[in-house]
Amino acid sequence: MAENQTSKTKRLFTVAGFIILALGIILYFAKAPLGLNRKIYDLPIFLIIIGVCFALKGFMMRAAAENELELTKKSFGEFLTNNAILLAMLVLVVVICILQPRFMQIRVALDILTQSSTKLIMALGICFTLLIAGTDLSAGRMVGLAAVISASMMQTATYANRFFPDLPQVQLWLPIVIAIVACMIFGALNGFLVAKFDMHPFIATLAVQVIIYGACSLYFDMPPNNSQPIGGIRSDFAQLGQMRLFAGKGFPGISILIPIAAVICVIIWFVLNKTVFGKNVYAIGGNREAAVVAGINVFRNIMGIFILASCLYGIAGVLEAARTAGATNNYGNGYELDAIAACVVGGVSLSGGIGKVGGIVMGVLIFTIIQYGLQFINVSPMWQQVIKGVIIAVAVAIDLTKYRRK
């Protein structure tokens, strides 16, 4: 009976995929003759992509026994509970598309992916600390530190208010490395406080957050800059965040940030799933005492977790400085809260030991789509904050409910 239900589920994904794909193709060729160009915009292309994804999901379920699903009342209820936020987002997207059809454009989707890129890199870093049932409140300030350090060394020679008036034009990689290493030093301090003194990550990273902001502000206030926003960024550095690939012939192009974030996702997925370090992260988060008994060097692994996380924060900070072609000491303020929320919405358990890269990607996209969509239909920023808070509360409640069941 279970095999029959599983087979039905596989066929359901495959058939649904082909139906959506066929609908997308029909609309694509029919929208111009029917005068639907301004009513559905790029909806056919989105349907084609969704249809292909559904069909591939069905084929993958056929090929991998571990991905089998039983289509029962219980499993359906669990699916609704586990994906409540995602389903609510899909409903919201449909409503936004009805109210403002311009939302159904490839350009909008690319903007959402671009805005998600640096947030995703940061969330991938903070997920390591959440996987060991900790957190990292210093993440946002590390983003600001990396942005200020890299931007301060990458100004044009002719800019009137240079941070370092006598600094020669250095090679592109040098400020980037310095900024990332500076973040990694503070990441090592986080790890040392947590691993050596068994300090709660909330307190340890809160203390380091204050230290980083103070140090960054002192650096930012150095003469002759005197706390002035850093501008006059070199074009080669700005291209790291502003370059667009395949632009032309009406296509806006793909931001360079998107493939950078995609490559980092693949690397982090490999680290978590295919390395001893990744398995140790899950083991420590699942049961720290058992990990010690199993011979895992908890001190070394926790140090590695916070250093690797800070490296990703540094990368995100450098890319933010390049994207905006400038920086101030307030860059990254509050970013860590959005990253933590995105991880929780994406299925990373606050209790530790549970979380996947795919879920984190979805969590970041959910928050970005909701924020972008609400702005698109001119919803008040105050209401946007209310909605974001409700999403975080519901996501944490669902996470705690699942944990209690286990």
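Quick note: numbers below take in every heavy atom, side chains included, and nothing from hydrogens, waters or symmetry partners. Since the model is a prediction, treat every value here as computed from it, not as a measurement.
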| field | Any residue meeting ring pair (Phe, Tyr, Trp, His ring centres under 6.0 Å) with Y282, in chain and number order, not counting sequence neighbours | value | none
| query | Any side-chain donor paired with an acceptor under 3.5 Å for T368 and Q115? | reply | no
| query | Just by distance, do the side chain of Q242 and the backbone of R323 share a donor-acceptor pair under 3.5 Å? | reply | yes
| query | In this structure, are over 12 heavy atoms from other groups packed under 6.0 Å from K31 atom NZ? | reply | yes
| request: Give the minimum heavy-atom separation between I233 and A238, together with the two atoms involved. | output: CG2-N, 4.3 Å
Contacts under 3.5 angstrom, residues 132-146 side chains, donor-acceptor by atom type, not counting sequence neighbours:
residue : atom : partner : partner atom : Å
D136    : OD1  : S138    : N            : 3.0
D136    : OD1  : S138    : OG           : 2.6
D136    : OD2  : Y313    : OH           : 3.1
S138    : OG   : N190    : ND2          : 3.0
R141    : NH2  : N333    : OD1          : 3.3

| remark: Heavy-atom nearest pair, F306 first then P201, reads CZ-CB, 4.4 Å
| message | Test of understanding: with side-chain contact (heavy atoms from CB on, under 4.5 Å), list the residues that count as partners of A342, not counting sequence neighbours. | response | V364, F367
| request: Show your reasoning for whether side chain to side chain contact (heavy atoms under 4.5 Å, CB included) applies to L272 and K356. | output: CA-CA 8 Å; L272 283 174; K356 297 180 179 179; over 6 Å; no
| message | Going by side-chain contact (heavy atoms from CB on, under 4.5 Å), Y28 matches just one of L23, I45, L47. Which one? | response | I45
| message | Nearest 0.5 angstrom please: I49 CD1 to I20 CD1, how far? | response | 12.5 Å
| field | Qualifying salt bridge (Lys or Arg N to Asp or Glu O under 4.0 Å) pairs with a residue from residues 386-398, counting only residues at least two apart or across chains | value | D338-K388
| Are I302 and R288 side-chain neighbours, meaning at least one heavy-atom pair lies under 4.5 Å? | yes
| Got a second to check how far L21's CG is from I26's CD1, nearest 0.5 Å? | 10.0 Å
| request: Supply the atom-to-atom distance L174 CG to S150 OG, rounded to the nearest 0.5 angstrom. | output: 11.5 Å
| query | Quick check: are there more than 12 heavy atoms from other residues, nucleotides or ligands sitting under 6.0 Å from OH of Y213? | reply | yes
| query | About how many Å separate CD1 of I211 and OG1 of T205, when rounded to the nearest 0.5 Å? | reply | 11.0 Å
| task | For side chain to side chain contact (heavy atoms under 4.5 Å, CB included), just list the numbers for N301 and V281, CA-CA rounded to whole Å, side-chain angles, deciding distance to a tenth of an Å, and then say yes or no. | result | CA-CA 7 Å; N301 280 277; V281 171; 5.5 Å; no
| task | Not counting sequence neighbours, list each pair that qualifies as a ring pair (Phe, Tyr, Trp, His ring centres under 6.0 Å) and has a residue in residues 167-202. | result | F192-F197
| said: A side-chain contact here means heavy atoms from C-beta on lying under 4.5 Å apart; do I185 and L189 qualify? | reply: no
| field | Under the ring pair (Phe, Tyr, Trp, His ring centres under 6.0 Å) test, residues paired with F246 that sit two or more places apart | value | none
| Do V345 and I392 touch side chain to side chain, with heavy atoms closer than 4.5 Å? | no
| field | For F163, all residues meeting ring pair (Phe, Tyr, Trp, His ring centres under 6.0 Å), sequence neighbours excluded | value | Y219
| Does the S117 side chain pair with the main chain of L113, one donor and one acceptor, at a distance under 3.5 Å? | yes
| message | Please list all pairs meeting salt bridge (Lys or Arg N to Asp or Glu O under 4.0 Å) that have one or both residues in residues 147-171, counting only residues at least two apart or in different chains. | response | none
| Are any of the side-chain heavy atoms of I106 and F46 separated by less than 4.5 Å? | yes
| request: Compare all side-chain heavy atoms of Y331 with those of T324 and state whether any distance is below 4.5 angstrom. | output: yes
| What heavy-atom pair brings P224 and N161 nearest, and what distance separates the two atoms? | O-OD1, 3.8 Å
| Of all pairs that satisfy ring pair (Phe, Tyr, Trp, His ring centres under 6.0 Å), the ones with a partner from residues 89-113, not counting sequence neighbours | F103-F376
| field | For the student: nearest non-hydrogen atoms of P175 and M154, plus distance | value | CG-SD, 3.2 Å
| task | Find out whether F164 and N225 are in side-chain contact, i.e. whether some heavy atom of one side chain is under 4.5 Å from a heavy atom of the other. | result | no
| task | Measure the CZ-CZ distance between R107 and R102 for me, rounded to the nearest 0.5 Å. | result | 11.0 Å
| request: Determine which pairs satisfy salt bridge (Lys or Arg N to Asp or Glu O under 4.0 Å) with at least one residue from residues 42-52, sequence neighbours left out, and list them in order. | output: none
| salt bridge (Lys or Arg N to Asp or Glu O under 4.0 Å) contacts touching residues 289-312 (sequence neighbours left out) | none
| request: Locate the shortest heavy-atom distance separating I112 from S116; write the atom from each residue and the value. | output: O-OG, 2.7 Å
| message | Looking at V379, is its backbone amide N or carbonyl O close enough to the side chain of Q384 to form a donor-acceptor pair, meaning the two atoms are under 3.5 Å apart? | response | yes
N/O donor to acceptor pairs below 3.5 angstrom from side-chain atoms of residues 247-271, sequence neighbours left out:
residue : atom : partner : partner atom : Å
S255    : OG   : L257    : N            : 3.2

| task | Please tell me if the side chains of K39 and P101 come closer than 4.5 Å, counting only heavy atoms from C-beta onward. | result | no
| query | Measuring from I176:CD1 to L240:CG, what's the distance to the nearest 0.5 Å? | reply | 5.0 Å
| task | For C343 and I126, work out which heavy atoms get closest and say how close. | result | SG-CG2, 3.7 Å
| Is a side-chain donor or acceptor of Q169 paired with a backbone partner of T156 at a separation under 3.5 angstrom? | no
